[in-house]
Amino acid sequence: MKIQRQLVGRTNTPQGADLPVDAYTLDNGDDLAVTVWTYGATLVEVRTPGRDNRTDNVVVRLPGLGDYEDRGRNAYVGATVGRYCRCVRDGRMVLDGVPHQLARNEGPHHVHGGSEGFDRRVWAAEAGRDGDDLVLRLCLDSPDGDQGYPGAVRAETVYRVDRETGLTIEFSGTTTAPTVFGLTNHAFWNLAGHGTIDGHELAVNASSSVLFDGELPLAGPPADIRGTRLDYQDARRIGDEALDNFFVLDDPWLWAAQLHDPGSGRLLEVRTEGPGMGVYSGDKMLTPRAGLALEPGCFPDAPNRPDYPSARLDPGQTRTESTIYRFSVAP
């Protein structure tokens with residue numbers, strides 16, 4: 001097992017100019033090596049073997065740092081998204097009777113933390129061993145008023161690689177004032193290591209889904225999707241299905257999703273503490289359908305929807321959420 005650190009380049013962010021960006025690789029020496037950049041706490045590579053014992057990177061990677069900095073080329077690829085992932089209607093929310101106007105970065109709405117969200121920041125990093133695990137701990141301080149959010153938040157993203165070909169991503173946050181907080185990882189998975197995800201087989205442990213009217217969730221409870229085109233409780237081929245949906249997970253710590261590439265035999269199994277999962281087939285990427293985003297976490301527009309699980313974070317609390325990604329080869 002080993003940890004490697006390498007300078008990627010330098011960048012300018014709201015934190016300052018000419019900041020160094022480092023790459024950390026956590027290699028368990030036994031079929032799993034994960035590379036994370038401090039820019040956006042971004043998952044850049046996940047290398048694991050397939051049926052023929054050939055190792056490939058199974059997440060979409062952009063060519064270089066400049067591509068990750070370019071919003072026109074980078075659809076949050078691999079990034080840690082926050083302070084609040086998903087959309088907030090009209091960029092507005094009310095906490096304890098006080099209205100807050102968030103940065104609008106997608107038409108009139110606030111999406112994935114704003115135009116200068118956590119994906120555009122350089123995170124402080126510390127790597128080491130924790131027993132048999134390799135651990136990369138990334139921290140970010142978000143000041144009061146950042147992108148319109150109240151409260152100074154300290155966010156932490158932890159990448160943990162174990163000996164059993166498992167990757168765990170752990171999010172946590174604290175605040176100095178009432179706010180909302182919900183992070184997700186926005187990696188695009190392609191278990192073949194090339195081509196599109198059309199031949200992959202997907203299963204999602206969900207019998208209901210939040211329905212959308214364009215960009216925003218409809219009023220009312222999530223809809224029953226059993227027997228519809230969104231029913232993935234039994235694994236089936238994705239084909240040319242365009243997915244950009246939020247699934248309400250059933251018992252997600254038992255299992256949340258499975259993704260399988262029949263060609264390589266690679267199988268990804270996902271467990272999460274999050275109540276739901278965004279699934280996006282990447283149809284609007286520069287290379288359409290190059291990967292499938294599986295985004296566990298909070299509900300869309302939860303700050304304005306008291307009927308959804310709360311994303312509120314108060315002083316004295318620590319909000320945490322973990323997701324486990326386990327890799328194997330199906331016979």
Side-chain angles (χ1 to χ4, degrees), residues 14 40 71 74-76 79-121 142-153 155 171 173 175 177-186 206 208-225 230 242-249 272 274-284 293-314 317 319 321:
R71 181 66 80 197
N74 181 11
Y76 305 97
T80 295
V81 176
R83 170 181 312 195
Y84 175 78
C85 65
R86 323 287 182 212
C87 62
V88 178
R89 180 187 294 268
D90 298 324
R92 290 180 58 83
M93 65 178 189
V94 177
L95 286 173
D96 300 329
V98 179
H100 299 276
Q101 179 64 60
L102 308 180
R104 294 169 172 169
N105 61 316
E106 195 156 312
H109 310 301
H110 176 89
V111 174
H112 286 340
S115 59
E116 297 292 343
F118 288 4
D119 62 302
R120 313 288 283 181
R121 311 294 172 91
S142 172
D144 179 32
D146 190 6
Q147 300 297 289
Y149 288 100
V153 159
F171 297 124
T175 182
T179 191
V180 296
F181 181 82
L183 309 186
T184 193
N185 177 268
H186 210 289
S208 60
S209 172
V210 172
L211 297 185
F212 287 77
D213 178 12
E215 300 169 339
L216 297 168
L218 294 169
D224 189 334
I225 56 173
L230 294 179
L243 295 169
D244 191 1
N245 303 90
F246 186 84
F247 293 85
V248 179
L249 296 172
T272 185
M277 177 179 288
V279 178
Y280 173 45
S281 51
D283 297 83
K284 296 181 181 178
L294 302 171
E295 311 162 48
C298 49
F299 279 42
D301 203 29
N304 295 311
R305 293 293 297 268
D307 52 327
Y308 286 171
S310 176
R312 179 174 174 133
L313 176 64
D314 285 308
Q317 296 178 334
R319 189 179 183 94
E321 189 173 289

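Everything numeric here is computed off the predicted structure, so don't read it as measured data.
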Flag side-chain contact, heavy atom, 4.5 Å: Pro14 against Gln147: no
Which residues share a ring-ring contact (aromatic ring centres under 6.0 Å, His included) with Phe299, sequence neighbours left out: Phe246, Tyr308
For Glu295, salt bridge (charged side-chain N to carboxylate O under 4.0 Å, His left out) partners two or more places apart: Arg86
Residues in side chain to side chain donor-acceptor pair (under 3.5 Å) contact with Arg83, at least two apart in sequence or another chain: Ser142, Thr179
Approximate separation, where rounding is to 0.5 Å, of Thr80 OG1 and Asn185 CG: 5.5 Å
Contacts of type salt bridge (charged side-chain N to carboxylate O under 4.0 Å, His left out), residue Asp283, not counting sequence neighbours: Arg289
Check against side-chain contact (heavy atoms from CB on, under 4.5 Å), Arg319 and Phe171: CA-CA 8 Å; Arg319 189 179 183 94; Phe171 297 124; over 6 Å; no
Point-to-point distance, once rounded to the nearest 0.5 Å, from CG of Asn245 to CG of Leu230: 4.5 Å
Under the ring-ring contact (aromatic ring centres under 6.0 Å, His included) test, residues paired with Phe247 that sit two or more places apart: none
Nearest atoms (heavy-atom pairs only) where Gly148 meets His100: O-CB, 4.1 Å
Under the side-chain contact (heavy atoms from CB on, under 4.5 Å) test, residues paired with Arg312 that sit two or more places apart: Leu95, Asp96, Pro178, Ser310, Asp314
Side-chain donor/acceptor of Thr175 to backbone N/O of Val153, under 3.5 Å: no
Results of side chain to side chain donor-acceptor pair (under 3.5 Å) for Asp224 - residues two or more places apart only: Arg226
Within-4.5 Å side-chain heavy-atom neighbours: Asp244 and Ser281: no
Full working for side-chain contact (heavy atoms from CB on, under 4.5 Å) between Arg89 and Arg305: CA-CA 10 Å; Arg89 180 187 294 268; Arg305 293 293 297 268; 5.7 Å; no
Set of side-chain contact (heavy atoms from CB on, under 4.5 Å) partners for Gln101, sequence neighbours left out: Arg92, Arg104
Separation between OG1 of Thr272 and CE of Met277, rounded to the nearest 0.5 Å: 6.0 Å
Mutual orientation of the aromatic rings belonging to Phe181 and Phe118 [parallel < 30°, tilted 30-60°, perpendicular > 60°]: tilted
Tyr149 to Gly113 - nearest heavy-atom pair and separation: OH-CA, 4.1 Å
For the student: nearest non-hydrogen atoms of Thr184 and Pro296, plus distance: OG1-O, 2.6 Å
Minimum-distance pair of heavy atoms, taken over all atoms of Leu211 and Ala223: CD1-CB, 3.4 Å
Verdict with reasoning, Asp146 to Arg121, per side-chain contact (heavy atoms from CB on, under 4.5 Å): CA-CA 12 Å; Asp146 190 6; Arg121 311 294 172 91; 2.8 Å; yes
Pairing residues for Asn304 by the side chain to side chain donor-acceptor pair (under 3.5 Å) criterion, not counting sequence neighbours: Asp301
Audit row: Val180, Leu313, side-chain contact (heavy atoms from CB on, under 4.5 Å) steps and yes/no: CA-CA 5 Å; Val180 296; Leu313 176 64; over 6 Å; no
Validation row: Cys298, Cys85 side chains within 4.5 angstrom (heavy atoms): yes
Beyond-backbone contact of His109 with Asp90, side-chain heavy atoms, under 4.5 angstrom: yes
Minimal non-hydrogen separation, Val88 against Pro303, with atom names: CG2-CG, 4.3 Å
Euclidean distance, His186 NE2 relative to Leu294 CG, rounded to 0.5 Å: 10.5 Å
side-chain contact (heavy atoms from CB on, under 4.5 Å) partners of Asn105, counting only residues at least two apart: Tyr76, His110, Val111, Ser115
Residue among Ser209, Cys87, Pro222 satisfying side-chain contact (heavy atoms from CB on, under 4.5 Å) with Pro217: Cys87
